[in-house]
Amino acid sequence: MPDSRYSILFEPMQIGPVKAKNRFYQVPHCNGGGYRDPSAAAAMRGIKSEGGWGVIFTEQCEMHHSSEITPFIELRLWEDKDIPLLQNMAEKMKAHGALAGIQLAYSGINGPNLYSREVPLAVSAMPIRTFTNDPVQARALDKSDLQDLRRWFVNAAKRSKAAGFDLICLYGAHGFGIFQHFLSRATNQRTDEYGGSLENRSRFINEVVADLRDAVGDTMAITLRVSLDETIGDLGFSNAEVRDFIALNHDLPDLWDLAHGAWEDCSATSRFKEEAAQEDLVRGIRELTDKPVVGVGRFTSPDVMARMIRSGTLDFIGCARPSIADPFLPKKIEEERVEDIRECIGCNICITGDMTMSISRCTQNPTFMEEWRKGWHPEQMNPKGESNTVLVVGAGPAGLEATRALAERGYNVALAEATKTLGGRVTRERTLPGLSAWGRVADYREHQIRQKSNVEIYPDSALDADALLEFGFEHICIATGAKWRRDGVSRQHLVPFAMDAAMPLYTPDDLMEGNKPTGKVIIYDDDHYYMGGVLAELLAQDGCEVTLITPAAYVSEWSVNTLEQHAIHKKLAEMDVQIVLNRGVVEISKDYVVSDCSFTGTKQNFACDAVVLVASRMENNSLYLDLKARTADWTDAGIKSVKIIGDANAPGPIAWATYAGHRYARELDCKDIGDDLPFRREITQLAAL
Ligand code: ADP
Ligand code: SF4
């Protein structure tokens, strides 16, 4: 039984003709796998069913071939041949009593149709609006197109029903779904009965919902996902207008699914938005309708969730990222194991899987999207192998996850850490502006391993090869991390470049250790993820006059994939950080740096008092190499294996380190697979009909 404070979260709730067993609602979210990896995506949803979610949705499903968002990989329901793959997904979702939902998307002005080569159809004729500014324009839907589109929605709804889904979500949020394009005066410039007044702009949605009710409404619930505020200026669909729309159409769908403006707003990182950040935009909407309301806000705290329900703000707790970081979040609340929740850190690494069309991964949950590919379960490890003892050296994300997961398997694990605190890079990075939630990577794991009687923790223990050979552990896992380079080697410079020793030089490690420059500071960012931008923020806060120089076209360029790039640039500009794009640094002199244009090579000097080099990182692998050099001594020392993992092996984002730690723990004592592939692949086949 759940704690009485949270029992409200476990009340069954009616949604049109179907009943959810509780209020935990996994809203649609992408996973970078979609139609290319349907078995991996289905298994991932199935794990959430096991984890206790009441409602589980697919990612957006392109419901007709005349509107698709290649290169991004979502689901497709274009013909009957697509049904079996989706049926498999619906079955997995329902296996433990959840309702299965499918999100039907017609992308309109957001679909460039690079794959289908159809002319995009949109509410009004205008250029396609995507992340990639595709050089394609859409033509406006005419009256007969609108009839076609209504029929296509009905066809997709019938196929969804045949696949076994219980709910259909009509996508009209994030600028991605055609229903929003009808509602917004910016994208709806029609002069017929579908444009102009709010009533006219609501017409198409009313028609589609009525069609779907006729076709499948007796057994399926119809939900509508709308943006809470389009955030594109005066013409956009504002929060006030959303409220007018819901009041005008108060009983239109069986449930209102409320999501903030653009995807960047809705899935903002913890660097820019707190938990429940959409509360003000949602509050009061429930009073405008007699239908239930779901909203999101990176909810990880059961107290906040219960407050959302008790205050009458929401009926369902919508989660995407919190359900990725911990698919067992509802179960853990139900079983009064709140302290075991693996809280989302709001880093958006999961979203990078979609943005890079690879496959999603999660910093906190290394098993995400490996449920089918590797058979990994987020809460269950494989049984222990034949050996018994492991020494893990280094308590960063890699070492902590290896320790936690090895202990789960039943090994006796010793964790040695050179410093007094556990957490490695996270201990330092969590002190940087906006990154405090990242500390959860260490906090969750430290809490878990401190509960285990088979883990011994040795802080303040910098180990060398002699010590490792003395201890007599069967397996040694080296997770000693990495440090930022001081010689500028990264992307622009593959070898060190000219630096005058008279110029004070700093690395990110120096700044995180509290050794900071003053005055006029140049940050040379050739790393391109978050660190350069975060340090610019830190130094600007400290009163430095900061110039950030980067050879890239965007500040913190890779953060486009975490949906943060815009917010980072805006924040730095507002803090008066001077941003110099498309320029590198070729020489550091005693009181200035020489910068070169990335295109022409034209030189320009920038005077400064200090330089911060955000280049690449160097593996701390000397311990590993020392031990390898003494392989002949291993047998006498009782050592069966020595492995290096995480940043010490090859530096990367934190998610790469937790994955490496988890993988080490999974594979210890397992059969050597030789040259075989370490994961399952899929070549999808449409049904032979
Ligand atoms: P990762 O991201 O791969 O986990 P981190 O840099 O976050 O790497 O963590 C590595 C940890 O290893 C740091 O906390 C560091 O203090 C610790 N460490 C490095 N060398 C040694 C050593 N020789 N003995 C014990 N701990 C070490
Ligand atoms: Fe949360 Fe980061 Fe995991 Fe995404 S990758 S679910 S934001 S912890």
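Note that ligands are numbered from 1 as they come in the structure, with each ligand's atoms numbered from 1 the same way. Only heavy atoms go into these numbers, but all of them, side chains included; no hydrogens, no water, no symmetry mates.
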Asker: Take E401 and R663 through the salt bridge (charged side-chain N to carboxylate O under 4.0 Å, His left out) test and state the conclusion after the steps.
Answerer: CA-CA 9 Å; E401 175 61 16; R663 181 176 184 180; over 6 Å; no
Asker: Quick one: nearest non-hydrogen protein atom to atom 3 (Fe) of ligand 2, plus distance?
Answerer: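 Looking only at protein heavy atoms, the one closest to atom 3 (Fe) of ligand 2 is C362 SG, 2.4 Å.
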Asker: Would you check if the side chain of D354 reaches a backbone N or O of N31 as a donor-acceptor pair within less than 3.5 Å?
Answerer: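 Pair absent, no side-chain N/O of D354 close to backbone of N31.
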Asker: Tell me: protein heavy atom nearest atom 6 (S) of ligand 2, and distance?
Answerer: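 The protein heavy atom lying closest is R321 O, 3.3 Å.
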Asker: With heavy atoms of I345 as the reference, note each atom of ligand 2 found under 4.0 Å away.
Answerer: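 Counting from 1, the qualifying ligand atoms are 1 (Fe), 8 (S).
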Asker: Taking the six-membered ring for Trp, are H29 and F368 parallel (under 30°), tilted (30 to 60°) or perpendicular (over 60°)?
Answerer: tilted
Asker: Of all the atoms in C350, is at least one N, O or S atom closer to atom 4 (Fe) of ligand 2 than 2.8 Å?
Answerer: yes
Asker: Can you tell me how the ring of W263 sits relative to the ring of H174, calling it parallel under 30°, perpendicular over 60° and tilted otherwise?
Answerer: tilted
Asker: List below, pair by pair, the N or O atoms of ligand 1 and of the protein that are less than 3.5 Å apart, including the distance to 0.1 Å; reply 'none' if no pair qualifies.
Answerer:
from, atom 1, to, atom 2, distance (Å)
ligand 1, 2 (O), D647, OD2, 2.7
ligand 1, 3 (O), D647, N, 2.8
ligand 1, 4 (O), P397, N, 3.1
ligand 1, 4 (O), A398, N, 2.8
ligand 1, 7 (O), R425, N, 2.7
ligand 1, 12 (O), A479, O, 3.4
ligand 1, 14 (O), E417, OE1, 2.7
ligand 1, 14 (O), E417, OE2, 3.0
ligand 1, 16 (O), E417, OE2, 2.6
ligand 1, 23 (N), L463, O, 3.0
ligand 1, 24 (N), L463, N, 3.1
ligand 1, 26 (N), A418, N, 3.0

Asker: Between the side chains of R485 and D509, is the shortest nitrogen-to-carboxylate-oxygen separation below 4.0 Å, so that they form an ion pair?
Answerer: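 No, this pair does not count.
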Asker: May I ask you to list the atoms of ligand 2 that are less than 4.0 angstrom from any heavy atom of G346?
Answerer: 1 (Fe), 7 (S)
Asker: So if I count the atoms of ligand 2 from 1 in the order they appear, which ones are less than 4.0 Å from some heavy atom of I324?
Answerer: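 Going through ligand 2 atom by atom, the ones under 4.0 Å from I324 are 6 (S).
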Asker: Please find out if less than 6.0 Å separates the ring center of H662 from that of W376.
Answerer: yes
Asker: Could you tell me the separation between the CE atom of M369 and the CD1 atom of I324, rounded to the nearest 0.5 Å?
Answerer: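 It comes to 9.5 Å.
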Asker: Centre of F679's six-membered ring, under 6.0 Å away, within 45 degrees of the axis: is that where NZ or CZ of R373 sits?
Answerer: yes
Asker: Please determine if R271 and E537 form a salt bridge, counting it only when a charged side-chain N lies under 4.0 Å from a carboxylate O.
Answerer: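 The answer is yes: the pair qualifies as a salt bridge.
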Asker: Side chain of Q26, backbone of V55: donor and acceptor closer than 3.5 Å?
Answerer: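 No: the side chain of Q26 does not pair with the backbone of V55.
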Asker: Under 4.0 Å from a heavy atom of T363: which atoms of ligand 2 are those, numbered in the order shown and with their elements?
Answerer: 3 (Fe), 5 (S)
Asker: Quick check: does C347 put an N/O/S atom under 2.8 Å from atom 1 (Fe) of ligand 2?
Answerer: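 Under 2.8 Å: C347 has no N, O or S contact with atom 1 (Fe) of ligand 2.
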Asker: How far is atom 1 (Fe) of ligand 2 from its nearest protein heavy atom, and which residue and atom is that?
Answerer: C344 SG, 2.4 Å
